[in-house]
Amino acid sequence: MPAVSKGDGMRGLAVFISDIRNCKSKEAEIKRINKELANIRSKFKGDKALDGYSKKKYVCKLLFIFLLGHDIDFGHMEAVNLLSSNKYTEKQIGYLFISVLVNSNSELIRLINNAIKNDLSSRNPTFMCLALHCIANVGSREMAEAFASEIPRILVAGDTMDSVKQSAALCLLRLYKTSPDLVLMGEWTSRVVHLLNDQHMGVVTAAISLITCLSQKNPDEFKTCVSLAVSRLSRIVSSASTDLQDYTYYFVPAPWLSCKLLRLLQCYPPPEDGAVKGRLVECLETILNKAQEPPKSKKVQHSNAKNAILFEAISLIIHYDSEPNLLVRACNQLGQFLQHRETNLRYLALESMCTLASSEFSHEAVKTHIETVINALKTERDVSVRQRAADLLYAMCDRSNAKQIVAEMLSYLETADYSIREEMVLKVAILAEKYAIDYSWYVDTILNLIRIAGDYVSEEVWYRVIQIVINRDDVQGYAAKTVFEALQAPACHENMVKVGGYILGEFGNLIAGDPRSSPLVQFNLLHSKFHLCSVPTRALLLSAYIKFINLFPETKATIQEVLRCDSQIRNSDVELQQRAVEYLKLSSIASTDVLATVLEEMPPFPERESSILAKLKKKKGPGAVSVTDLEDNKREGGELNGGGDRGPDTSAMAASNASTPSPSADLLGIRSAAPIGAAPTSAGSLLVDVFSEAGPAAPSAAVNDDGFLSSAPPSEDPAAPLSEADDLLNKFVCKNNGVLFENQLLQIGIKSEYRQNLGRMYLFYGNKTSVPFASFSTTVSCPGELQSQLNVQSKPVEPVVEGGAQIQQVLNIECLTDFSEAPLLNIKFRYGGALQNLTLKLPVTINKFFQPTEMASNDFFQRWKQLSQPQQEAQKIFKANHGMDTEVLKAKLLGLGMALLDNVDPNPENYVCAGVIQTKGQQVGCLLRLEPNAQAQMYRLTLRCSKDSVSRRLCELLAEQF
Amino acid sequence: MMRFLLLFSRQGKLRLQKWFTPMSDREKKKIIRDMTTMVLARQPRSCNFLHWKDLKIIYKRYASLYFCLAVENQENELLALEVIHRYVELLDKYFGNVCELDIIFNFEKAYFILDEFLMGGEIQETSKQIVNRSIEASDMLQETMEEYMSKPAF
């Protein structure tokens with residue numbers, strides 16, 4: 001029999017639980033449960049109407065069985081019946097069963113809603129609380145529809161009991177989170193805010209959760225809460241520990257409410273009112289001071305509650321990021337915790353310091369703790385603490401301490417837990433690249449990474465080292481020598497073989513002078529690893545071999561022999577076989593000149609963001625890293641060096657092999673072909689026409705037919721921009737490639753790519769006629785203000801464009817700061833003696849310099865509310881110009897360059913995006929929200945950016961897109 | 001906000017589960033499995049916090065029972081520990097020196113007490129006196145002893 005059975009213990013239930021506990025085996029337990037289920041089923045089905053008590057008991061047994069992990073497929077109706085019992089305990093069990101077992105789409109919801117409605121209007125506070133709890137627990141859409149308008153009334157009514165108010169506030173919060181569109185605060189807003197002044201601390205504690213959530217979504221409507229929150233906080237902070245009676249927790253006055261108040265304040269910028277701000281700073285100082293006072297109790301609960309407030313205050317200080325004095329004090333306080341004997345505090349201090357490291361005011365102060373943090377990484381017994389230490393080292397790294405930090409992280413990697421190795425590898429790779437002054441150090445670091453943790457070195461990491469070596473000729477000889485040495489190890493990781501093969505294939509000649517690393521020695525070394533490698537690596541090695549034949553003609557015979565042997569030329573793997581056959585043929589029939597051209601050294605990779613960083617962001621989950629990374633970039637003025645993010649592709653290495661599907665073909669980053677094919681939205685003619693050898697023979701469906709030329713006066717001055725120029729510009733806001741302009745004579749195609757604040761645009765001028773264009777010239781100009789905002793450089797073009805031919809022009813674009821106008825492209829040429837003069841707007845718009853930022857819902861809304869000043873927001877409501885097809889909208893938003901965030905907006909119909917605009921001078925964080933209304937065929941577009949001119953410009957640009 | 005609270009024994013037997021957001025049974029089972037393996041594998045004297053997906057997991061052992069609370073990322077870990085502690089205190093006050101068996105045999109009471117303290121994943125009432133008073137008040141509403149005695153056992 002049970003040791004304890006309190007209250008209205010149900011004896012039958014207790015007996016049943018005892019029975020289950022006495023079961024010796026799982027089978028016995030199942031048998032006993034099945035027996036009980038059969039019994040309950042027969043009781044429920046029996047002719048005799050069950051009394052309330054029995055019903056309650058059986059429902060409770062079912063609940064118990066369910067909680068043991070068994071499925072329950074009946075009894076719901078009996079539970080619903082209990083709801084209308086007027087005996088409290090029966091009702092209570094009914095509601096408990098519903099809360100635990102009924103999911104939000106149950107058919108019973110209507111019956112349940114009826115019972116809830118009765119209880120809500122019963123004016124019996126205990127019944128009302130039960131009903132509110134049930135709504136909060138189930139929280140379905142139907143419930144929101146039924147009660148969302150009723151609950152605010154209960155919450156603010158003067159005669160509502162305190163306990164009911166508390167339940168109503170939290171119930172409303174729950175509904176708001178599931179169906180924000182149904183909870184309309186409107187007229188209640190100010191009365192809800194004033195609950196912060198309520199005399200009952202419990203009411204304030206419950207209400208503040210609701211207010212915080214509402215403030216995050218509608219900061220303006222709730223901003224009066226700031227001063228109320230500050231004065232409430234101030235009263236709590238300055239109260240003696242006994243003033244608040246039962247709301248004092250282990251001598252700490254109202255820790256939960258204090259933390260909630262501090263969190264509410266984090267929804268807003270620092271108060272503008274000097275008096276309010278002064279009072280708040282005073283509170284924060286008091287909290288920091290109290291941390292230094294001797295504890296009032298030795299109990300851990302006392303120190304936890306006290307420090308919880310302290311950490312929350314530090315979060316607010318970091319959020320404001322404007323009080324250097326407080327930031328440094330916060331940092332010192334955390335510094336003390338770094339050496340605290342409580343593991344929890346060390347963990348939290350490391351975590352909190354990570355965010356401090358990204359503030360310019362406290363970055364240096366954080367750095368002073370480097371030795372302690374390194375020590376934590378080495379000596380902490382708990383892996384989660386070590387993980388935080390590694391995060392903090394990453395966050396505090398800059399040029400001054402990079403070598404030390406990277407060395408420590410490398411040595412930690414040797415013993416690191418498997419669970420965090422891959423992330424550590426990425427971090428080391430990023431730091432090594434970002435802060436490399438001397439690239440031999442970088443190469444050493446990455447090779448060490450591969451040596452120590454080869455299995456965790458992802459493709460991105462080894463691609464990257466190759467990109468950098470290829471782009472920097474000062475490090476190539478060193479790299480060749482180092483990989484050669486690394487390959488000497490009897491057992492080396494396959495990733496090392498890949499890097500070695502690639503680098504020796506490109507730069508083996510740089511060390512071939514030394515007899516110890518003569519061509520044949522290099523080849524034999526590589527080939528000794530061949531048989532232990534996987535197919536993709538072997539494919540890469542075969543490409544290295546053919547490169548060897550070009551670099552070192554003396555190895556030709558040996559290599560041909562290898563290619564010719566059955567294990568290559570008849571390899572069962574199609575890729576290997578094809579390479580062997582093609583390379584063998586190529587080496588035997590091509591002249592040395594042809595070989596030298598085909599197998600030429602790889603050209604430098606285009607500059608772009610490190611793909612490793614992207615990978616880390618993805619791995620780490622949104623939000624966590626992006627903040628520090630963005631901040632890091634800000635401090636360092638962007639990426640140090642510009643490798644490409646395309647993988648060094650083995651088939652590109654052997655140019656003749658373009659048709660061979662390479663193992664990493666999809667990584668070929670330049671995306672020359674893909675986007676063209678992928679942009680079927682370009683109305684009518686595809687750019688393929690422009691590129692085709694056949695010239696403009698195919699009469700492409702002209703985008704803009706006649707009339708443009710006649711609108712341009714035949715003068716030598718650049719013509720005024722076409723009246724349609726803006727429309728043309730708008731076509732390219734969400735895409736980078738396509739036909740910019742076309743008339744009967746001329747077609748202009750565009751291909752462009754952007755990285756960070758740089759862009760490159762290829763213009764293709766196609767002569768559609770059979771007559772040459774003479775005196776062909778183009779000028780790009782940045783009118784007015786744009787001159788200081790955008791830097792566009794172009795090379796002059798050939799003066800003649802033959803009939804049917806196409807010429808190409810490359811523009812390099814640098815974004816210095818944000819801009820609103822577009823650069824102008826003027827084209828002049830003579831066609832059959834007549835001067836043609838045409839000016840277009842180049843589709844360079846501010847959004848091209850977007851870098852997408854992934855983030856989770858709470859990060860998004862936190863940033864959203866941080867950008868709450870009225871001028872930071874631009875909003876437009878407009879009629880849909882195009883269909884409102886989801887996929888098309890998504891494609892457009894992606895083309896815009898921001899990250900399209902799923903599962904962020906509570907309304908799945910809405911779209912939200914986040915990105916950072918990279919300009920030379922600064923980074924502008926931007927958040928976008930697009931709310932379609934399919935019925936009205938309207939959109940509401942809202943932009944919030946850290947710079948107001950950007951919000952306005954983006955809003956203008958985008959309103960034309962949908 | 002808090003996402004869920006699990007109570008399980010050292011052997012990994014689940015004693016109480018409270019979910020503050022709707023979730024499918026499959027997800028629940030997966031989370032329960034993940035939490036028990038993760039928390040039970042922790043070394044003694046480790047810190048009480050873990051990162052799991054985008055949530056923070058705060059756990060603490062009281063005698064034979066582990067209390068494991070998942071909160072959203074911006075929540076305060078130390079305070080979450082005290083949420084657990086306050087719940088233990090409330091159970092203790094109600095049952096008088098609470099033990100695992102009390103929670104097994106009176107699981108519905110453990111739920112009712114939790115509901116007085118937390119709601120929708122937020123704190124509803126932090127005062128121990130007020131929570132206890134309302135639990136006692138609801139016990140007063142039950143049937144009289146005579147009524148109780150006259151019920152059949154099965």
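Computed over heavy atoms, backbone and side chain alike; hydrogens, waters and symmetry mates excluded. None of the values given here were measured: they were computed from a predicted structure. Reminder, nothing fancy here: chain letters follow the sequence lines and each chain counts from 1.
- At distances below 3.5 Å, not a single donor-acceptor pair connects side-chain atoms of B/Glu82 with backbone N or O atoms of A/Ala305.
- Between chain B and the residues A/Leu170, A/Ile135, A/Thr343, A/Leu130, the largest count of heavy-atom pairs under 4.5 Å involves A/Leu170.
- With a 4.5 angstrom heavy-atom cutoff, A/Cys213 does not touch chain B via any of its atoms.
- Heavy-atom distances place the side chain of A/Arg21, and not its backbone, under 4.5 Å from chain B.
- When only modelled atom types and interatomic distance are considered, B/Lys18 and A/Asn137 share a side-chain donor-acceptor pair under 3.5 Å.
- Both the backbone and the side chain of A/Ser167 come within contact range of chain B, judged by heavy atoms closer than 4.5 Å.
- For chain B, the nearby parts of A/Asn344 are the backbone and the side chain; heavy atoms of each come within less than 4.5 Å.
- Residue contact with chain A, scored on non-hydrogen atoms closer than 4.5 Å, involves the backbone and the side chain of B/Arg86 alike.
- Atoms CG and CG, on B/Asp25 and A/Asp71 in that order, are 7.0 Å from each other to the nearest 0.5 Å.
- Atom CG of A/Leu13 is separated from atom CG of B/Asn106 by 8.5 Å, given to the nearest 0.5 angstrom.
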Between A/Val385 and B/Phe49, does a side-chain contact (heavy atoms from CB on, under 4.5 Å) hold up when you go through it step by step? CA-CA 9 Å; A/Val385 184; B/Phe49 317 130; over 6 Å; no
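- A donor and an acceptor atom, one from each side chain of A/Arg174 and B/Thr21, are nowhere located under 3.5 Å apart.
- Interface remark: A/Glu351 contributes side-chain atoms only to the contact with chain B (heavy atom separation under 4.5 Å).
- Interface summary for chain A: among B/Ser127, B/Gly120, B/Ser134, the most heavy-atom pairs under 4.5 angstrom belong to B/Ser127.
- Of the atoms belonging to B/Arg45, heavy atoms from both backbone and side chain fall under 4.5 Å from chain A.
- No part of B/Gln43 comes within reach of chain A, as not one of its non-hydrogen atoms sits under 4.5 angstrom from that chain.
- Contacts between A/Asn304 and chain B at a heavy-atom distance below 4.5 Å involve backbone atoms as well as side-chain atoms.
- B/Tyr111 is not listed as a side-chain neighbour of A/Gln92, based on a closest heavy-atom distance of 4.5 Å or more.
- A/Asp382 places a side-chain N or O within 3.5 Å of a backbone atom of B/Cys47 that can act as its donor or acceptor partner.
- The line from OG of A/Ser315 to CG of B/Asn76 is 7.5 Å long, rounded to the nearest 0.5 Å.
- At a 4.5 Å heavy-atom cutoff, the contact between B/Asn48 and chain A is made by backbone and side-chain atoms alike.
- The environment of A/Lys177 atom NZ is dense: over 12 non-hydrogen atoms of other residues, nucleotides or ligands sit within 6.0 angstrom.
- With a 4.5 Å cut-off on non-hydrogen atoms, B/Ile130 touches chain A through its backbone and its side chain both.
- B/Leu78 pairs in a side-chain contact (heavy atoms from CB on, under 4.5 Å) with only one of the listed residues (A/Leu348, A/Val300, A/Leu310), which is A/Leu348.
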Go through B/Glu77 and A/Tyr347 one step at a time and tell me if the side-chain contact (heavy atoms from CB on, under 4.5 Å) criterion holds. CA-CA 10 Å; B/Glu77 288 97 336; A/Tyr347 174 99; 4.2 Å; yes
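- For B/Ile104, the parts lying under 4.5 angstrom from a heavy atom of chain A are both the backbone and the side chain.
- In terms of modelled atom types and a separation under 3.5 Å, the side chain of A/His133 and the main chain of B/Met119 share no donor-acceptor contact.
- For A/Leu96, the part sitting under 4.5 Å from any heavy atom of chain B is the side chain, from C-beta outward, and nothing else.
- Of the atoms belonging to A/Leu345, it is side-chain heavy atoms, and not backbone ones, that fall under 4.5 Å from chain B.
- Taking each heavy atom of A/Val100 and B/Lys28 in turn, the nearest pair found is O-NZ, 4.3 Å.
- With contacts defined as side-chain heavy-atom distances shorter than 4.5 Å, the pair B/Arg42/A/Ser384 qualifies.
- For B/Ile123, the parts sitting under 4.5 Å from any heavy atom of chain A are the backbone and the side chain alike.
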Could you check A/Ser18 against B/Phe105 for side-chain contact (heavy atoms from CB on, under 4.5 Å), going step by step and ending with a plain yes or no? CA-CA 8 Å; A/Ser18 292; B/Phe105 280 100; 3.5 Å; yes
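- To the nearest 0.5 Å, atoms OG1 (A/Thr205) and CD (B/Glu122) are separated by 11.0 Å.
- Salt-bridge annotation for A/Arg263 and B/Glu75: absent, with no side-chain N of the basic residue lying under 4.0 Å from a carboxylate O of the acidic one.
- Contacts between B/Ile84 and chain A at a heavy-atom distance below 4.5 Å are absent for every atom of the residue.
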Go through it in stages, so that I can follow the logic: the residues are A/Leu63 and B/Glu108, the test is side-chain contact (heavy atoms from CB on, under 4.5 Å), and I'd like the CA-CA distance, side-chain angles, deciding distance and then a yes or no. CA-CA 9 Å; A/Leu63 190 55; B/Glu108 80 283 9; 5.6 Å; no
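- If you tally non-hydrogen atom pairs under 4.5 Å between each of A/Gln301, A/Glu380, A/Lys260 and chain B, the highest count goes to A/Gln301.
- The choice from B/Gln17, B/Arg15, B/Gln74 that makes the most heavy-atom pairs within less than 4.5 Å of chain A is B/Gln74.
- Using a 4.5 Å cut-off between heavy atoms, B/Phe107 touches chain A through its side chain atoms alone.
- Using a 4.5 Å cut-off between heavy atoms, B/Lys29 touches chain A through its side chain atoms alone.
- Neither the backbone nor the side chain of A/Tyr95 comes within less than 4.5 Å of any heavy atom in chain B.
- Contact check for B/Val83 versus A/Trp256: side-chain heavy atoms found under the 4.5 Å cut-off.
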Could you go step by step and tell me if A/Tyr247 and B/Glu125 meet the side chain to side chain donor-acceptor pair (under 3.5 Å) rule? CA-CA 9 Å; A/Tyr247 289 93; B/Glu125 179 54 79; 2.6 Å; yes
